[in-house]
Amino acid sequence: MNILKSFQRRTPLGWLQLRHDRGRLLVALAGIAFADVLMFMQLGFQNALYDSNTRVDRAMLADIILVSPKALNLQNLSTFSRRRLLQARDIPGVQTADALYINNITWKNPQTRLTATVQILGFAPERPAFKLPEVNQQLDKIKLPNVVLFDRGARGKYAEAIAQVEQGKPVTTEVERKTLTIGGLFSLGASFGADASLMASDQTFLRLFPRREAASISLGLIRLKSGANPQQVAAALKSHLPGDVRVLTAQEFVQFEENYWKTASPVGFIFGLGTTMAFVVWVVIVYQVLSTDVNAHIKEYATFKAMGYNNGYLLGVVFEEAVILAVLGFIPGVSLPIVLYQFAAKATALPIFMTLSRVVLVLMLTLLMCMMSGAIATRKLQSADPADMF
Amino acid sequence: MNQIALTENSQATKTTTVIEVQNLDHYFGHASLRKQVLFDISLSINAGEIIIMTGPSGSGKTTLLTLAGGLRSAQSGSLKILGQELCGASANQLTQARRQHGYIFQAHNLHSSLTALQNVRMGLELHSDLSVAEMHERSQLMLEEVGLGDRLHYYPDDLSGGQKQRVAIARALVSAPKIVLADEPTAALDKKSGRDVVELMQTLAKEQGCTILMVTHDNRILDIADRIVYMEDGRLADEQINRL
Ligand SMILES: Nc1ncnc2c1ncn2[C@@H]1O[C@H](COP(=O)(O)OP(=O)(O)OP(=O)(O)O)[C@@H](O)[C@H]1O
Ligand SMILES: [Mg+2]
């Protein structure tokens with residue numbers, strides 16, 4: 001109550017000071033907003049990177065995934081022997097163990113007739129392999145030879161081809177001098193690693209890669225009987241299977257993919273660096289603004305001290321300014337990225353969008369930063385000594 | 001927050017001593033650079049008196065005034081303001097002591113981002129339990145008394161030197177302090193406005209019954225003083241001119 005009352009009585013000195021010099025205020029706000037935008041863009045792209053590159057991984061219909069120990073990520077999986085699937089089926093708790101074939105392939109864009117690289121996923125169409133209802137409803141289509149399903153969210157000029165398929169007219173294209181038919185569509189979205197994905201039957205897949213043996217598979221998708229504990233079954237698989245295959249739970253597999261992009265690829269580092277840079281730019285700008293302001297008012301602050309205002313009061317003024325700058329700068333700083341995200345999402349077909357948690361995170365960071373800059377700037381307040389001033 | 005009963009000021013009796021200085025020495029610098037600037041100062045000022053302090057440049061007038069105002073801490077001797085000993089006082093006690101008086105500087109020292117009214121209000125905010133509306137009203141009245149009723153919302157940059165100094169006086173007096181300390185308040189002003197400002201201080205002080213200790217070089221305003229003290233080489237001369 002008392003605090004609230006004294007707050008109401010208080011002259012909003014920080015705000016009045018900032019407002020008095022509009023030019024400086026605008027420049028300061030522009031700087032802070034710029035740093036906010038920079039940070040939002042970095043975080044947005046970073047998140048899109050992790051999100052998009054684990055999209056296929058997350059869509060797999062499996063409790064446990066077998067992968068070659070040489071695998072780096074979804075684009076570089078290497079292969080292992082199909083016999084491991086048979087062995088896996090012996091483990092109690094395992095219901096099914098199916099092969100998934102994955103490879104990049106160069107095809108002719110059916111619309112532009114230009115070559116492009118896409119990712120093709122092959123599996124036995126008798127059973128669903130993905131948690132994608134659209135794919136699972138069209139399994140009959142890909143049972144036909146050389147018929148594939150195509151990703152609506154693909155990056156590149158596919159709009160006309162997609163529209164044609166949607167009208168029920170299959171589109172054909174050419175891959176390795178063989179004709180492929182796009183029989184249907186599903187929605188998944190592009191990733192940093194692949195512009196588009198195709199779903200095909202294992203037979204179609206193997207026909208496209210004649211040198212590849214059916215016995216060397218990319219991934220093993222294991223589904224468990226209901227009630228089986230994935231950790232326990234995974235442990236049993238690990239001890240039962242030889243070392244030429246790695247056993248990961250579905251969650252571990254997504255982490256494995258994300259980890260590659262976070263640590264092994266330079267991309268994660270670059271985004272981390274960018275975010276740090278934005279943070280530093282921010283601190284420098286806000287510190288600069290606040291310390292210039294303290295310097296400009298040092299005589300006035302000394303006068304207030306001579307009148308009996310204490311250091312705490314002046315600290316309050318500097319922090320008041322810091323918070324006002326943070327909040328006012330944040331308004332354009334959060335609005336602009338929302339627009340930019342939409343542009344970027346269109347241009348890259350990546351899942352870039354504003355999330356509430358990111359807004360809160362950046363707001364918290366902004367406030368933290370303004371507090372930090374404020375704390376550094378207030379050291380100058382000590383020199384506001386009324387005795388030496390007059 | 002420190003509270004002063006504003007009504008009590010006018011009841012201060014002439015016999016009370018409000019400033020009591022005894023054997024005050026003051027030194028600047030440390031070790032080999034240590035230099036004494038005040039020597040054995042003794043001075044006692046009664047409530048309601050107007051004291052003018054003159055003396056050559058560098059004699060220590062400002063030093064004594066800042067000590068009395070609690071702007072720097074007294075080192076040796078005794079310095080009692082309204083009964084409170086400031087010699088050896090803590091930083092916190094000094095801050096509290098500063099709230100007891102109005103200090104008028106040679107320069108106006110107004111805050112450039114605040115209007116005249118807001119500047120005056122700053123002199124009130126620390127002192128009382130007044131509501132925002134009451135603070136506003138009191139500040140406005142004070143500005144009207146110094147003849148700036150039509151300049152309430154002007155920023156210092158838009159006021160003349162004399163007007164600024166009058167705002168500074170309003171800021172120092174708005175909380176009706178028992179003591180006003182003024183360091184060459186007319187130095188930056190021309191003859192006419194200097195005289196006006198001092199007379200204004202005199203009138204207001206008499207109304208509020210407050211004590212004024214003013215440093216000045218300006219011979220033309222000596223007549224408003226009840227008593228004049230003379231400082232030379234850090235010593236107060238005994239010669240005191242009683243005018244009443
Ligand atoms: N902060 C300081 N550090 C060291 N010496 C100081 C300091 N302030 C003042 N002095 C010295 O103390 C002496 C008294 O200074 P003071 O400012 O009190 O004089 P004054 O009587 O007010 O002079 P003036 O009439 O010019 O204002 C001077 O010799 C000055 O050089
Ligand atoms: Mg002086």
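Residue numbers begin at 1 in each chain, while the letters A, B, ... track the order of the sequences. Treat the numbers as computed from the prediction; the structure is a model and nothing was measured.
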A.B. asks: Under the 3.5 angstrom rule, does the side chain of B/Q118 hit a backbone N or O of A/T11 as a donor-acceptor pair?
C.D. replies: no

A.B. asks: Side chain, backbone, both or neither: which part of A/F304 has an atom under 4.5 Å from a heavy atom of chain B?
C.D. replies: side chain

A.B. asks: Can you measure from CG (A/N310) to CZ (B/R99) and round to the nearest 0.5 angstrom?
C.D. replies: 6.0 Å

A.B. asks: Say you draw a straight line from CG of A/N311 to OG1 of B/T95; how long is it, rounded to the nearest 0.5 Å?
C.D. replies: 8.0 Å

A.B. asks: Any chance you could measure B/S113, atom OG, to A/L18, atom CG, to the nearest 0.5 Å?
C.D. replies: 8.5 Å

A.B. asks: Around A/F34, counting heavy atoms of other residues, nucleotides and ligands shown, do more than 12 lie under 6.0 Å from its CZ?
C.D. replies: no

A.B. asks: Just checking B/D233: does its CG atom have more than 12 heavy atoms from other residues, nucleotides or ligands closer to it than 6.0 angstrom?
C.D. replies: no

A.B. asks: Nearest 0.5 Å, please: how far is OH in A/Y313 from CE in B/M122?
C.D. replies: 3.0 Å

A.B. asks: Check the orientation of A/H20 and B/Y155. Use parallel for under 30°, tilted for 30 to 60°, and perpendicular for over 60°.
C.D. replies: tilted

A.B. asks: May I ask you to check whether over 12 heavy atoms, not counting those of B/F28, lie within 6.0 Å of atom CZ?
C.D. replies: yes

A.B. asks: Can any side-chain N or O of B/R98 pair as donor or acceptor with the backbone N or O of A/K305 at less than 3.5 Å?
C.D. replies: yes

A.B. asks: Quick one: what part of B/S112 sits under 4.5 Å from any heavy atom of chain A, side chain, backbone, both or neither?
C.D. replies: both

A.B. asks: From A/T303 OG1 over to B/L110 CG, what is the distance, rounded to the nearest 0.5 angstrom?
C.D. replies: 8.5 Å

A.B. asks: Rounded to the nearest 0.5 Å, what separation is found between the NE2 atom of A/H297 and the NE2 atom of B/H111?
C.D. replies: 4.5 Å

